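Worksheet for the structure shown next.
What you see is a predicted model; the values in this text were computed from it and never measured.
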Amino acid sequence: MVNAVRVANRVIPAGRTPIPACRLNLGDHQSDVIVGTPHKPDIAFYHHYDVIDIDGVHAILEAKMDSNPKRTPEDTRGQLADYGHVLNDQQATRTFAPVFYLHGHLLTLHAYYRDKLYIVELGQLCFNTDRWTPELAERIQTCLMRFWFLLTLESGIFGHFCDVSKKSDSFFFSQKVNVESKGDSKIEVLYSVSQDVKDVKDGAALFCIKETIARYSYMIGRHVHLFRGEFNGKHDAVLKLSWTPVNRLPEGAAYAILNKRPVECIPKIFSKGLLISDLNGYWLEFVLMEYCGKSMTEYLKDKTDNQKVELVPGFVKQLTLCLAQTYDTGVLHRDISAGNVCVKNDKVYVIDWGCAKVIGWGAAEDAAKDATPTQLNHIDVAEQWGFNARTVGQVEVAKDPFTGTPLFMGIPMLSSSPIRGILDDMESVLYVVMDAVRPADTKRDDIQGFKFLDSQSLALSRYSIMMVEEKYLELFGIGNPGKIFRDLFHSMRRFLFEPGNQYISHQLWWDSTFKRQANWDAAPRFMHPEAIELLGEDNGQLKRPAEDEVNAGPFKKLTL
């Protein structure tokens, strides 16, 4: 490339140099493996950052020599995609990952979005020295100009929404800078800084990062970044940035609905909003919330057996109350798992409502359930957050069999039942609690109840395990529980798997139309009394609430 620049500059008049002044640092990575991949990129370009590592990479250049310059080898395509995935995964608000590829004589830009790839041909960067002409040199110069023009664009234009990497120190939230309005709602603006901040003015709020919470995400689908830190100097908080398909329910909208009426055991939300409303079918949302402690499993690790016996029954009551209240509000969590049930100061929190589904979007019926006429109904929430309640409800129903963490899914969900309800979340609670109290020196992979081969196999295995009351605890890694734990788990098992005091039909795992029932005689032994009152209104049938949405065709009573 250096020779190409020299040749081009000898031909092009002075003042038209192809490499402008810029704030880029160039790093040769051919001797260093890029984080998260087995590859060593040729060159990485860093933009604005003091620390030179993958978190601050602006773009990557890869050059290859090949016997067939007209076709990119398959392994190279995979390598370039790995680069794109790493950049998107490491940098929270990156809108796309730019990877430049020099192959044969052509330089191309590969722009990796969340689920799309765009390839742009920038031009010719090599030539045959035996046939060199000024015209060829001018083509090279044009290509270089395009290349450096792209690289020196501000990060807000090229690749990033704002300069947010794992090395940023702080985030500003402001309601007075570039505020967007939709209806009566204001969408706050977030931007990051990498230097010390002493003064926060004009009503802005400050979140200072202490650590990044590791979380792996795939490039396609929901992509989440979590930062733990301090909000306004006094709150232990978590900032969650999520790339979410625009046809799905935003997590902030779920919290907006949950906060319409009192719901126990959910995080306090300090701020929430959309940063990007639609980028190739994805939006970028943020939620700033209180820190909710460790997972239940981690919290119980350093507790004695006696402490566990004292704490866990109360945790179960808190969980059942939370899910009953959210169900009454019209929201299903759909991803009750070990990582989403946390404990702080002996209080349980159900976090990560990013996979939640709203039950029913009927404006009149929903408004009638609100505590006061001044509160928003579901339809107003949908309008404020810029999505259509008519379509998002149908999409969330269609996603039911695929939403959640397979290891903690209920049997119908593992069997791809098309509709889910509150009993599916309650079944997940049973698996989460059994996972939390099993001995710390055991491994999930060695326990029959948690051994995952595929979803169908796990569904059949769990149905068979739960059939035998004398053995199921042992097969879930709880070999010799005391009386309190035994009574707790037996009551939860009876509630879920013994309606009418007989073991539930095999239709549970193979019939997608099967209507599950609960054994309400067992509920008082483990469930919060208020949860029983809220869930018992339908005489214990607990019909899956989404089936009316599926069977009725177009939604009714929608005001959008």
Side-chain angles (χ1 to χ4, degrees), residues 213 226 228 231 235-238 240 249 251-270 272 287-300 303 307-308 310-359 369 371 404-405 408 410 421-437 488 491-492 495 523-536 542:
I213 301 174
L226 297 173
R228 184 181 174 187
F231 175 56
H235 299 291
D236 193 1
V238 171
K240 182 176 184 178
L249 181 75
E251 185 170 4
Y255 279 117
I257 294 170
L258 289 174
N259 287 326
K260 286 162 45 177
R261 295 193 297 281
V263 175
E264 302 288 335
C265 304
I266 62 173
K268 180 180 180 181
I269 305 301
F270 302 120
K272 59 185 183 295
V287 178
L288 182 65
M289 69 191 87
E290 68 170 310
Y291 173 68
C292 296
K294 301 177 180 178
S295 71
M296 186 190 297
T297 302
E298 290 294 322
Y299 189 82
L300 292 175
K303 304 295 183 184
Q307 287 174 319
K308 291 179 182 179
E310 291 178 3
L311 291 170
V312 172
F315 291 169
V316 174
K317 282 185 167 58
Q318 292 180 54
L319 275 170
T320 57
L321 177 59
C322 175
L323 295 182
Q325 288 177 332
T326 58
Y327 176 77
D328 186 60
T329 304
V331 178
L332 280 174
H333 188 281
R334 294 198 302 180
D335 191 17
I336 300 297
S337 62
N340 291 337
V341 176
C342 295
V343 182
K344 182 176 67 174
N345 299 327
D346 291 350
K347 179 180 177 181
V348 171
Y349 291 85
V350 180
I351 63 171
D352 193 357
W353 293 81
C355 292
K357 178 179 73 175
V358 174
I359 308 164
K369 293 177 67 176
T405 304
F408 297 95
I422 185 63
L423 286 181
D424 299 302
D425 279 5
M426 289 289 188
E427 186 180 345
S428 295
V429 169
L430 173 59
Y431 302 138
V432 167
V433 177
M434 287 195 292
D435 180 65
V437 303
L488 174 71
S491 299
M492 296 176 75
F495 176 79
R525 303 291 297 274
F526 74 94
M527 194 178 291
H528 194 285
E530 186 181 336
I532 297 174
E533 182 180 351
L534 290 172
L535 296 178
L542 291 178

If we only count heavy atoms from C-beta on, is the [X] to [Y] side-chain gap below 4.5 Å?
X: F315; Y: V341; result: no
X: N340; Y: F408; result: no
X: E290; Y: K344; result: yes
X: L249; Y: K357; result: no
X: Y327; Y: L534; result: no
X: E264; Y: Q325; result: yes
X: L430; Y: M434; result: yes
X: D335; Y: H333; result: yes

Any side-chain to backbone donor/acceptor pair from D425 onto I422? Under 3.5 Å, distance only.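 Checked: no pair found.
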
Can you tell me if T320 uses its side chain to pair, donor with acceptor, with the backbone of H528 under 3.5 Å?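 Judged by distance alone, yes, a pair lies under 3.5 Å.
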
Checking side-chain contact (heavy atoms from CB on, under 4.5 Å) against I336, which of C322, S428, C355 comes through?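 The option that passes is S428.
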
I need the minimum non-hydrogen distance between [X] and [Y], along with the two atoms involved.
X: C342; Y: I351; result: SG-CD1, 3.6 Å
X: A254; Y: W353; result: CB-O, 4.0 Å
X: I359; Y: V331; result: CD1-N, 4.1 Å

salt_bridge(R228, D236) N-O dist < 4.0 Å: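 Looking at D236 together with R228, the answer is yes, because their closest N to O distance falls below 4.0 Å.
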
Show your working on side chain to side chain contact (heavy atoms under 4.5 Å, CB included) between D328 and R261 and close with a plain yes or no. CA-CA 10 Å; D328 186 60; R261 295 193 297 281; 4.1 Å; yes

Could you grab the distance from atom [atom1] of [X] to atom [atom2] of [Y], nearest 0.5 Å is fine?
X: E251; Y: K272; atom1: CD; atom2: NZ; result: 11.0 Å
X: L311; Y: D346; atom1: CG; atom2: CG; result: 5.0 Å
X: M426; Y: F526; atom1: CE; atom2: CZ; result: 6.5 Å
X: Q307; Y: Y299; atom1: CD; atom2: OH; result: 9.0 Å
X: E530; Y: L321; atom1: CD; atom2: CG; result: 5.0 Å
X: M492; Y: M527; atom1: CE; atom2: CE; result: 8.0 Å

Pair L323-L535, side chain to side chain contact (heavy atoms under 4.5 Å, CB included): steps then yes or no: CA-CA 10 Å; L323 295 182; L535 296 178; over 6 Å; no

Just wondering, more than 12 heavy atoms not from K347 lying within 6.0 Å of its NZ?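 Enclosed.
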
May I ask you to check whether over 12 heavy atoms, not counting those of K294, lie within 6.0 Å of atom NZ?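 Atom NZ in K294 is not crowded, with 12 or fewer foreign heavy atoms closer than 6.0 Å.
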
Between L300 and V312, does the side chain to side chain contact (heavy atoms under 4.5 Å, CB included) criterion hold? Intermediate values first, please. CA-CA 9 Å; L300 292 175; V312 172; 3.8 Å; yes

